[in-house]
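The analysis underlying the following values was restricted to heavy atoms, covering all of them including side chains, and did not include hydrogens, waters or symmetry mates.
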Amino acid sequence: MKQALHLKLSQQLTLTPQLKQSLRLLQLPSLDLEQEIQQALDNNPLLEREETSYSEPEEIKTVQNAEDNGIPQPVSEAADPTYELDQTDHLAPEQDLSANWEESFESRRTTIDSSIQGTARETEFTQFVTRTESLFEHLEWQIKMTALTERDKAIASTIIRCLDDDGYLEIPIESVAELLPAAAEIESDEVNAVLSLIKTLEPTGVGARNLQERLVLLLRQYQESEPGLTAAIDIVENHLDLVGARNLSKLKKSLEFSDSEISDALTLITSLNPRIGASFTSDSENYITPDVVVKKVGDKWTARINPDNQARLRVNQSYVDLLKKGAKLDKESNDYIQHNLVEAKNFIKGLMSRYDTLLLVAQCIVERQQAFFEEGETGMQPMVLHDIATELEMHESTISRATAGKYLLSPRGVFELKYFFSSAVATADGATSSSTAIRSLIKQMIDAESKAKPLSDSKIAKELEEKGHIVARRTVAKYRESMRIAPSSQRKSLLG
């Protein structure tokens, strides 16, 4: 084998650390970004939040000024004077700086610490935090208020710990008994007796082992004079499968009640809400702070970065002043300050780049979806990542990062930016419609249909074709299932 040397020219794309950081900040959702910012503030003493509070621009508070003309203003070095940073990278480590930087920093820290020790420190912020009571806590409190023996209270506490989030007991009684101390010698009959007591607690239906048992518990809270109550209990206990299958004819044959009694019974059953645990579920974790706010300026919808979700950082001027005024620093200290200064500037640039890119992408989406903000889902236009990437001359992966986990606030509600991307469906005149608009039309048809004779997928496809949208029956079925709408056979009302 002969060895030889060869020259080869090739092109290779490499990402600088600063570019990697910018891309990572771009793809982070708001909550993750705030954690990233806080971590950067904790790790870098040269990075700090702006002390002056940022007031929301007037054009976002009420109506935007007409002179804006709907053009997004990027938050960049040119647009934001506070973003300009002193160029201190050129300072050499061997410079003879006279100021004592340690004393300067220590005096600043002492001032801050003394301000914290005032009356504000005496306030515990945790006292203002509210928390929704859990189902377990609600039941535990009721158990403590009952006149049970300590033995029965221990059994009751074990049972409610075995309930799922919706209050169902999905494990056998024998398994509950095995969780109790063996020395107590508690039998299944005792557990059953305590379970019967738990079923009398609030909310009604807790402790049921299945939907059928819960519905019976909910029905038994009504007065005996309630119309259709007897028939309703009979239906739930013995014919609930026929109700689920919407088989009204077989249900009538299986019961010895009049049509009016069956109608009252079905009305009573359908009025029940078996999801008793829903009121004990906290929604605090589901709150969304939108990244973009959409307002109408004249006759055009425009996008702005939400100032409440925009972090404004700067370099700690105390350290920069120390380097400017001069201080006798050893090489290690000087390198430490210089390194953190560069890191702080790069982080701020990455953050500003995120806001710039997000604003440009959001405004491009809003401009293409003007009809949506005017008409709703039926006005949605087909749009894919490639469309935005081509218009902004960006890569599709950048558009994907900018839209994932980012939310837009408009008069029509809060939407994830990815919501506005949808495939195209052909129309009779050769144009295209958004699949989101087609879904909206399907839902409107189903909402307006006769409950006694619901529309089949084929009928919906035919009506869509009459409106100029060419959609196959299986596509209608796919869209219907994606909206969690049952087929026509299950949408038929038992009440006629």
Side-chain angles (χ1 to χ4, degrees), residues 14-28 30-54 73-116 305 307 309-359 398 401-402:
T14 59
L15 297 178
T16 63
Q18 183 177 347
L19 182 56
K20 289 181 180 179
Q21 184 183 57
S22 296
L23 292 175
R24 186 164 57 84
L25 292 177
L26 177 62
Q27 70 183 4
L28 290 176
S30 298
L31 291 178
D32 294 341
L33 177 66
E34 183 58 34
Q35 294 178 1
E36 187 78 11
I37 292 173
Q38 188 58 51
Q39 184 177 356
L41 291 169
D42 294 340
N43 295 337
N44 192 336
L46 270 73
L47 192 64
E48 65 178 8
R49 294 185 187 270
E50 287 193 1
E51 295 179 0
T52 55
S53 60
Y54 177 72
Q73 300 296 325
V75 186
S76 61
E77 294 183 69
D80 189 356
T82 63
Y83 178 72
E84 296 180 0
L85 304 175
D86 294 315
Q87 301 298 324
T88 56
D89 297 318
H90 64 279
L91 294 177
E94 62 271 16
Q95 279 186 292
D96 184 15
L97 306 176
S98 58
N100 191 330
W101 69 277
E102 292 182 350
E103 292 181 1
S104 177
F105 177 73
E106 182 64 24
S107 63
R108 178 181 175 85
R109 184 185 64 80
T110 304
T111 303
I112 295 175
D113 288 345
S114 61
S115 64
I116 295 177
I305 295 294
N309 207 19
Q310 180 179 346
R312 300 179 68 85
L313 307 180
R314 68 181 182 187
V315 171
N316 189 316
Q317 195 63 32
S318 298
Y319 286 95
V320 177
D321 291 342
L322 288 174
L323 294 177
K324 280 184 174 181
K325 295 176 182 178
K328 292 183 179 180
L329 303 174
D330 54 46
K331 186 177 185 304
E332 182 180 356
S333 300
N334 200 334
D335 290 345
Y336 175 78
I337 295 178
Q338 293 281 9
H339 171 75
N340 282 283
L341 179 59
V342 173
E343 290 292 324
K345 291 171 64 177
N346 288 340
F347 188 84
I348 294 174
K349 287 181 180 179
L351 197 60
M352 295 302 104
S353 176
R354 168 195 164 92
Y355 295 138
D356 285 353
T357 305
L358 181 57
L359 179 57
T398 303
R401 288 187 179 97

With side-chain contact (heavy atoms from CB on, under 4.5 Å) as the test, would you mind laying out the steps for Arg354 and Arg401 before giving the verdict?
CA-CA 10 Å; Arg354 168 195 164 92; Arg401 288 187 179 97; over 6 Å; no

Evaluate the side-chain contact (heavy atoms from CB on, under 4.5 Å) criterion for residues Gln38 and Leu41: first the C-alpha distance (whole Å), next the side-chain angles of each, then the deciding distance (0.1 Å), finally the verdict.
CA-CA 5 Å; Gln38 188 58 51; Leu41 291 169; 4.2 Å; yes

Checking Asn44 against Phe347 for the side-chain contact (heavy atoms from CB on, under 4.5 Å) test, could you report, in this order, the C-alpha distance in whole Å, the side-chain angles of both residues, the deciding distance, and whether it holds?
CA-CA 10 Å; Asn44 192 336; Phe347 188 84; over 6 Å; no

Tell me, with the steps shown, if Gln35 and Asp32 meet side-chain contact (heavy atoms from CB on, under 4.5 Å).
CA-CA 5 Å; Gln35 294 178 1; Asp32 294 341; 4.2 Å; yes

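Scanning both residues, Ala344 and Val315, for their nearest heavy atoms gives CB-CG2, 4.2 Å. Across every non-hydrogen atom of Leu47 and Ala40, the tightest pair is CD2-CB, 3.8 Å. Closest approach of Leu33 and Leu351 over heavy atoms only: CD1-CD1, 3.9 Å. The two residues Asn346 and Gln21 make their nearest non-hydrogen contact at O-OE1, 3.4 Å. Across Ala402 and Leu358, no two heavy atoms sit closer than the pair O-CD1, 3.4 Å. Residues Ala311 and Met352 share a closest heavy-atom pair of O-CE, 4.1 Å.
The line from CD of Gln27 to OG1 of Thr398 is 10.5 Å long, rounded to the nearest 0.5 Å. The line from CG of Leu46 to NZ of Lys345 is 11.0 Å long, rounded to the nearest 0.5 Å.
Residues that satisfy the salt bridge (Lys or Arg N to Asp or Glu O under 4.0 Å) test with Glu343, not counting sequence neighbours, are absent from this structure.
Residue pairs meeting the salt bridge (Lys or Arg N to Asp or Glu O under 4.0 Å) criterion with at least one partner in residues 36-47, sequence neighbours excluded, are Arg24-Glu36.
In this structure the side chain of Pro45 reaches within 4.5 angstrom of the side chain of Asn340, judged on heavy atoms.
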